[in-house]
Protein chains: 2
Amino acid sequence: MSLLVQPAYSNSVRTSLEPFFHEGDALFPLKAVSTSLHFSRNQTIFNEGDVARYSYKLLEGGVRLCKIRPDGRRQIAEFVLPGDVFGFALDEEYSLTAEALGDVIVLRWPRGQVERLAEELPALRKELMAMLCRELSAAQEHLVMLGRQTAKERVASFLLLIANRRDAGNGDPLLLPMGRQDIADYLGLTIETVCRALTDLKRERLIEIPDRHHVELRNLAALEDVAEGGE
Amino acid sequence: MSLLVQPAYSNSVRTSLEPFFHEGDALFPLKAVSTSLHFSRNQTIFNEGDVARYSYKLLEGGVRLCKIRPDGRRQIAEFVLPGDVFGFALDEEYSLTAEALGDVIVLRWPRGQVERLAEELPALRKELMAMLCRELSAAQEHLVMLGRQTAKERVASFLLLIANRRDAGNGDPLLLPMGRQDIADYLGLTIETVCRALTDLKRERLIEIPDRHHVELRNLAALEDVAEGGE
DNA sequence: CGCCCTATTGAGATTCATCAACTGCGGTGG
DNA sequence: CCACCGCAGTTGATGAATCTCAATAGGGCG
């Protein structure tokens, strides 16, 4: 019998600041059964509905986890950054599609290994639970963004969100491994609306945009105001 | 040490079709340490940020789990129906506010009891994992609704969602324990838009609305078409 | 140098929110 | 028993936010 049961889903959670497994990491025991793989831009790592044979940890690059509807509408549930674990399916099938944002290196291990190890290792179980919880908590915040924030608020929140995932925001420009369309699909907006919001923020001197994959947050407090709907 | 760690959050998952704990239910061991409580309409069961001392199972009525922003904007993350477990916080604090939709009876047990029991009972651990997964999966679907569906599609999806949670939809009218404003706050819409969408669906003979807390789904296939964006 | 892809900007259309009036039901009290 | 009140829901008219469609700009690569 397996610890990992019932419903399908995928997730991604930062387990440590270092992309690779280290001694002391609750997932370290998986290192022995892991192999690394490369994917390039827009390549599919797994599809929603695929049999979930593996779980993954992102070492380099960025990944989007999304749902794609029959008519092509796409909703990105989450961006995976280096160090995050994803494709953490607990059912037979992945509940999200994973695609590479650019060049990507992942570590991958058979799902069954986790189930087996978790039986023996309480620390691993705890870490799994903790990852699920962080996942869920993030999804709840995401719901608020999509349901109750304006376009500009969402874009500001998004920038702050990415900034907070990077280890303790310093002053230098934030790396955005995803394109504008990806941001739009994460925020439930169109690419044009995302652009306009970014342009607005730039005009108001809250951010700088040295190039399309970098944003410098020049006024965190003001950005937070915008994100919270402060006029 | 506890199995339940790190991040705050609350959830609600149907564990069985019967509201109460039964032998065979993985959560049955909790029955002995549970007490039952009553709440009435709009009463708060717990607040986001409260220290999470208890977890709950809903026996009767309905509960909303929501986030409320400083400016009053509200996003409902989930409706709790009889049989669902919620307030399942894994951190020190609840990450959502729980409020009664009407008269409510809940079963409640100290969170610590779950942690202790989970150490010993693999079946309970599995059930906890399974609940988290269902929770997360539901949140992902919810994200798609909010991010990529039109008002009418959302309302149709919502009705189908509630219908599917009730045990195997029969023909008779669906009970909606929540008010129109609650539906709006779940769907990221205004109350007026929800009304208009319902009226539309009624005009098109897809539903009947005998009274404000009941909806009869008269054409499931057509409703599903609407929900999926079929014109 | 030129092409392709992505991003940006602009103009007009559409959806949904806002504001306001009205309806219907349930409860209360004369 | 009936009139009134209050709240939740519905409907209507208008406006704002966002989407759509179209044109332009900019960067990277052959």
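These numbers come from a predicted model, not from an experiment. We name chains A, B, ... by the order of the sequence lines, and we start the count at 1 in each one.
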Report summary line: Rounded to the nearest 0.5 angstrom, the CD1-CD distance for B:Ile68 and B:Glu48 is 8.5 Å
Query raised in the report: A:Ala151 or A:Glu192: which one's nearest nucleotide on DNA chain D is closer to the 5' end?
Result: A:Ala151
To the side chain of [X], which of [options] is closest?
{"X": "B:Leu189", "options": "D:dT10, C:dC16, D:dT18", "value": "C:dC16"}
{"X": "A:Arg196", "options": "C:dC16, D:dA13, C:dA11", "value": "C:dA11"}
{"X": "B:Thr190", "options": "D:dC19, D:dT18, C:dT18", "value": "C:dT18"}

For [X] and [N], what is the distance between atoms [atom1] and [atom2] respectively, to the nearest whole Å?
{"X": "B:Asp185", "N": "D:dA8", "atom1": "CG", "atom2": "P", "result": "13 Å"}
{"X": "A:Leu101", "N": "C:dT6", "atom1": "CG", "atom2": "C1'", "result": "15 Å"}
{"X": "A:Ile191", "N": "D:dT20", "atom1": "CD1", "atom2": "P", "result": "13 Å"}
{"X": "A:Gln149", "N": "C:dA17", "atom1": "CD", "atom2": "C1'", "result": "17 Å"}
{"X": "B:Leu176", "N": "D:dA8", "atom1": "CG", "atom2": "P", "result": "16 Å"}
{"X": "A:Asp211", "N": "C:dC5", "atom1": "CG", "atom2": "C1'", "result": "16 Å"}
{"X": "A:Ile209", "N": "C:dT6", "atom1": "CD1", "atom2": "P", "result": "18 Å"}
{"X": "B:His213", "N": "D:dT10", "atom1": "NE2", "atom2": "P", "result": "11 Å"}

OP1 or OP2 of [N] under 4.0 Å from side-chain N/O of [X]:
{"X": "A:Thr150", "N": "D:dA17", "value": "no"}
{"X": "B:Arg212", "N": "C:dC25", "value": "no"}
{"X": "A:Thr199", "N": "C:dT9", "value": "yes"}

Report task. Using atom types as modelled and distance alone, determine if a side-chain donor or acceptor of A:Asp25 lies under 3.5 Å from a backbone N or O of A:Leu27. Result -> yes
Requested in this report: Look only at the side chain of A:Lys152 and the backbone of A:Gly229, and say whether a donor-acceptor pair between them is shorter than 3.5 Å.
Outcome: no
Requested in this report: Would you classify B:Arg41 as touching base, sugar-phosphate or nothing, given that sugar-phosphate means primed atoms plus P, OP1 and OP2, and contacts are heavy atoms under 4.0 Å?
Outcome: sugar-phosphate
Requested in this report: State plainly whether the residues A:Arg148 and A:Glu153 are in salt-bridge range, i.e. N to O under 4.0 Å.
Outcome: no
Query raised in the report: Ring centroid separation for A:Phe46 and A:Tyr56, is it under 6.0 angstrom?
Result: yes
Report summary line: Nearest-nucleotide check on DNA chain C, A:Arg148 vs A:Val194; residue mapping nearer the 5' end is A:Val194
